Amino acid sequence: MKKQLGQLAVALGRSKAKKTILAVGGAVCVAAWATVVISAAIGIGTTTRIVLLSVALLVTEAVFWGAAALLGMTVMQLRRNLFGKRLPKGRDDAA
């Protein structure tokens with residue numbers, strides 16, 4: 001895992017802008033999922049919870065696509081680097 005994170009760090013290079021974009025995207029993603037958890041804990045309505053969950057899912061997907069674009073990879077290559085053997089085999093890395 002450390003080796004893969006090191007490779008991703010090298011792909012980012014010394015670009016402060018890329019790191020900032022990824023950090024902001026990660027923060028927005030964490031905030032979206034925290035909102036989903038808090039809404040479930042306080043018991044808001046089902047419709048609102050579904051909307052919040054949909055927004056969190058879209059934000060997560062946008063962060064994956066943005067990170068892949070910044071690193072110069074396809075989304076499947078990025079997911080394989082991050083999650084390793086936990087993803088199913090047999091698919092092309094072409095996205």
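Please read these numbers as outputs of a predicted model, since none were measured by experiment.
Summarising the geometry, atom CG belonging to L58 is positioned 11.0 Å from atom SG belonging to C29; distances are rounded to the nearest 0.5 Å. Rounding to the nearest 0.5 Å gives a distance of 11.0 Å between OG1 of T47 and CG of L52.
Screening V55, L57, V51 against L53 for a side-chain contact (heavy atoms from CB on, under 4.5 Å) leaves a single residue, L57.
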Side-chain donor-acceptor contacts of residues 30-43 below 3.5 Å, not counting sequence neighbours, with atom names and distances?
from : atom 1 : to  : atom 2 : distance (Å)
W33  : NE1    : T60 : OG1    : 2.6
T35  : OG1    : A31 : O      : 2.8
S39  : OG     : T35 : O      : 3.3
S39  : OG     : V36 : O      : 2.7

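In terms of the side-chain contact (heavy atoms from CB on, under 4.5 Å) criterion, residue partners of V28 (sequence neighbours excluded) are, by chain and number, V24, V59.
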